[in-house]
Amino acid sequence: MDGVLDRMYLWLPHLVQGFFVFAAGACVGSFINLIAWRLPRGQGIIHPASRCTACGRALSWFENVPILSYIFLNGRCRTCRTRFGVEHLVIEFCMGMLFFGTYFMLYAGPWQARASDHAWWWIRNGPLTTMPALLAVLTCWSTLAAVSLIDARTFYVPIRITAASTVAAFLLWRMQALVPSIELGFNHSRWGLDLLPIPLEVAAVFGLVGLAISAALLWRRLLPRSFAGCDMETIRPRTVRIEVLKEVLFLLPIAIAMAAGYWIGSLEAVQAWCHSATFAALGISSMGFLAGGGIIWATRIAGSLAFGREAMGLGDVHILGAAGAALGWRFVVTAYFLAPFIALAWLALSGGLHRILGTRSREVPYGPYLAVACVVSFLGSPWIDPFLRSLLMPMASGE
């Protein structure tokens, strides 16, 4: 009993701070509801002000308080009494809990009990010093939630959201590296993301240069666009394979640039110049972005060539690429392998519920499964990492 009380006493400051993090998450959930409703309909996100979709009346400020407004108004419009969907309440509450859970796991939860480099970095520096890194992770969760909602409803991934999240991740991790205490204490053994050898960091940065070159060539029409003008319902397997080979041409400058970057990064003079927290932040986020997008794109190309039909979508490439820029390469690679199991579990559970209720099941795109897998991979790291080590290296774990 005393041990429980002692732990509660240690957790109390985190619980108080976590309440405000929960409130911020609920506000983000409310904004995600707005984005998921307006963006597919071509409406502005900022203007007009929030209003009832039935009668068109602009909502007052007290009708826009996340969670509380829904409860006090019994989920109805004050004017026309039209019932709002309960998913608004669910999303606001889930985002609040996700923000709170992330904060608690990083600074007071199971990561604290495990002697890992990640645990040391987050707990040793505290929430104030690691605020940019925390914002990068929370921005990633917000992006994954928004694009998952839109993808589940419309089978469309808004690339501008994932692009904005990717840019935010690069900027926030660079801001984190510029914090004086972080920069002075930086070394290649402890950091908020998985550190890489300098040649790989340089290769990743060069990979972004190769991506910019490919994008410029595509924009100037020096590279062909894949599946341009194709009717996906009647397209032939041979045509699919030809179109996918166009995407290989797009990826070729990236691969060449990364190979050149690795060679340049192996030079001692370059390594001495790149040994800093700011360059490490750029290189690690770059590698996460390329690894996340690359592993999905490679699966798309291999599956399309093998089966003669489009396998996976480019929206999934952007989803995992944005997550990789914020979380690092290891978590998105783990998420890539977790996503099929999450999809199978959901299909089994939802299929059983539909049979019991006598309703028809609805197809769900793969993007939401990738998003959930990213969250599970990151927050479940204290349990997933030991499991993977025991599974892949049983002799080492036994020692």
Legend entry - Whether Ser266 side chain and Tyr262 backbone form a donor-acceptor pair below 3.5 Å: yes
Legend entry - Positive for side-chain contact (heavy atoms from CB on, under 4.5 Å) with Ile296, one of Ile319, Ile301, Leu370, Leu314: Leu370
Inset, instruction - Hey, could you give me the CZ/CD1 distance between Phe206 and Ile256, rounded to the nearest 0.5 Å? - result: 13.5 Å
Legend entry - Minimum heavy-atom distance between Gly265 and Ile198, given as atom pair plus value: O-CG2, 4.2 Å
Inset, instruction - Would you kindly confirm whether Leu211 and Leu249 end up in one hydrophobic cluster when ILVMFWY residues are joined by side chain heavy atoms under 4.5 Å apart? - result: yes
Inset, instruction - Enter the distance from Ile213:CD1 to Phe250:CZ here, rounded to the nearest 0.5 Å. - result: 11.0 Å
Legend entry - Side-chain heavy-atom pair Val244, Ser226 within 4.5 angstrom cut-off: no
Inset, instruction - Find out if a path of hydrophobic residues (ILVMFWY) with successive side-chain heavy-atom gaps under 4.5 Å connects Leu267 to Val205. - result: yes
Inset, instruction - Please check if Phe307 and Leu305 belong to a single hydrophobic cluster, counting links between Ile, Leu, Val, Met, Phe, Trp and Tyr side chain heavy atoms closer than 4.5 Å. - result: no
Legend entry - For the student: nearest non-hydrogen atoms of Ala152 and Phe155, plus distance: O-CE1, 4.4 Å
Inset, instruction - Return yes if some donor-acceptor pair links the side-chain N/O of Ser214 with the main-chain N/O of Gly210 below 3.5 Å, else return no. - result: yes
Inset, instruction - Check for a donor-acceptor pair, side chain of Ser304 on one end and backbone N or O of Ala311 on the other, with a separation under 3.5 Å. - result: yes
Inset, instruction - Look at the rings of Tyr103 and Tyr107 and say which category their plane angle falls in: under 30° parallel, 30 to 60° tilted, over 60° perpendicular. - result: tilted
Legend entry - Straight-line distance of Phe99 CZ to Cys27 SG, nearest 0.5 Å: 10.0 Å
Legend entry - Distance (rounded to the nearest 0.5 Å) between Leu128 CG and Leu134 CG: 11.0 Å
Legend entry - Within-4.5 Å side-chain heavy-atom neighbours: Met105 and Ser381: no
Inset, instruction - Apply side-chain contact (heavy atoms from CB on, under 4.5 Å) to the pair Tyr336 and Thr299, showing each step before the final yes or no. - result: CA-CA 10 Å; Tyr336 170 81; Thr299 304; 2.5 Å; yes
Inset, instruction - Please answer whether the main-chain N or O of Phe331 pairs with a side-chain N or O of Ser377 as donor and acceptor at a distance below 3.5 Å. - result: yes
Inset, instruction - Compare all side-chain heavy atoms of Thr102 with those of Val375 and state whether any distance is below 4.5 angstrom. - result: no
Legend entry - Phe170, CZ atom: more than 12 neighbouring heavy atoms under 6.0 Å: yes
Legend entry - Nearest heavy atoms of Leu39 and Ile161, plus distance in Å: CD2-CD1, 3.6 Å
Inset, instruction - List the atom of Gln17, the atom of Pro127, and the distance in Å for their closest heavy-atom pair. - result: OE1-CG, 3.9 Å
Legend entry - Residues, nucleotides or ligands: over 12 heavy atoms within 6.0 Å of Arg41 CZ: yes
Inset, instruction - Starting at CG of Leu144, measure out to CG of Leu327 and round the result to the nearest 0.5 Å. - result: 7.5 Å
Legend entry - Residue pair Leu172 / Met175, side-chain heavy-atom distance below 4.5 Å: yes
Inset, instruction - Taking all non-hydrogen atoms of both residues into account, name the closest pair between Thr166 and Ala325 and its distance. - result: CG2-CB, 4.1 Å
Inset, instruction - Give the cluster check for Leu252 versus Leu223: same hydrophobic cluster or not, with ILVMFWY residues linked at side-chain heavy-atom distances below 4.5 Å. - result: no
Legend entry - Donor-acceptor contact below 3.5 Å, side chain Asn33 vs main chain His88: yes
Inset, instruction - Kindly indicate whether the side chain of Leu338, heavy atoms from C-beta on, has any atom under 4.5 Å from the side chain of Tyr369. - result: no
Legend entry - Side-chain donor/acceptor of Glu92 to backbone N/O of Gly29, under 3.5 Å: no
Inset, instruction - Would you please test Ile67 and Phe22 for side-chain contact (heavy atoms from CB on, under 4.5 Å) and show each step? - result: CA-CA 11 Å; Ile67 300 176; Phe22 173 88; 3.8 Å; yes
Legend entry - Heavy-atom side-chain contact between Phe279 and Val202 under 4.5 Å: yes
Inset, instruction - Could you check Met258 against Met287 for side-chain contact (heavy atoms from CB on, under 4.5 Å), going step by step and ending with a plain yes or no? - result: CA-CA 10 Å; Met258 291 188 71; Met287 182 58 74; 4.2 Å; yes
Inset, instruction - Taking the side chain as every heavy atom from C-beta outward, state whether Arg153 and Leu149 have any atom pair closer than 4.5 Å. - result: yes
Legend entry - Side chain to side chain, Phe378 and Leu106, heavy atoms closer than 4.5 Å: yes
Inset, instruction - Answer yes or no: are there more than 12 heavy-atom neighbours, outside Phe19 itself, under 6.0 Å from its atom CZ? - result: no
Inset, instruction - Look at the side chain of Gln176 and the backbone N and O of Thr129, then say whether any donor-acceptor pair between them is shorter than 3.5 Å. - result: yes
Legend entry - Residue pair Val240, Phe227: steps toward the side-chain contact (heavy atoms from CB on, under 4.5 Å) verdict: CA-CA 8 Å; Val240 170; Phe227 297 100; 4.2 Å; yes
Inset, instruction - Write down the atom of Ile342, the atom of Ala373, and the distance for their closest heavy-atom approach. - result: CD1-CA, 3.6 Å
Inset, instruction - Any chance you could measure Leu196, atom CG, to Trp329, atom CH2, to the nearest 0.5 Å? - result: 7.5 Å
Legend entry - Cluster overlap Trp297 with Val333, hydrophobic side-chain contacts below 4.5 Å: yes
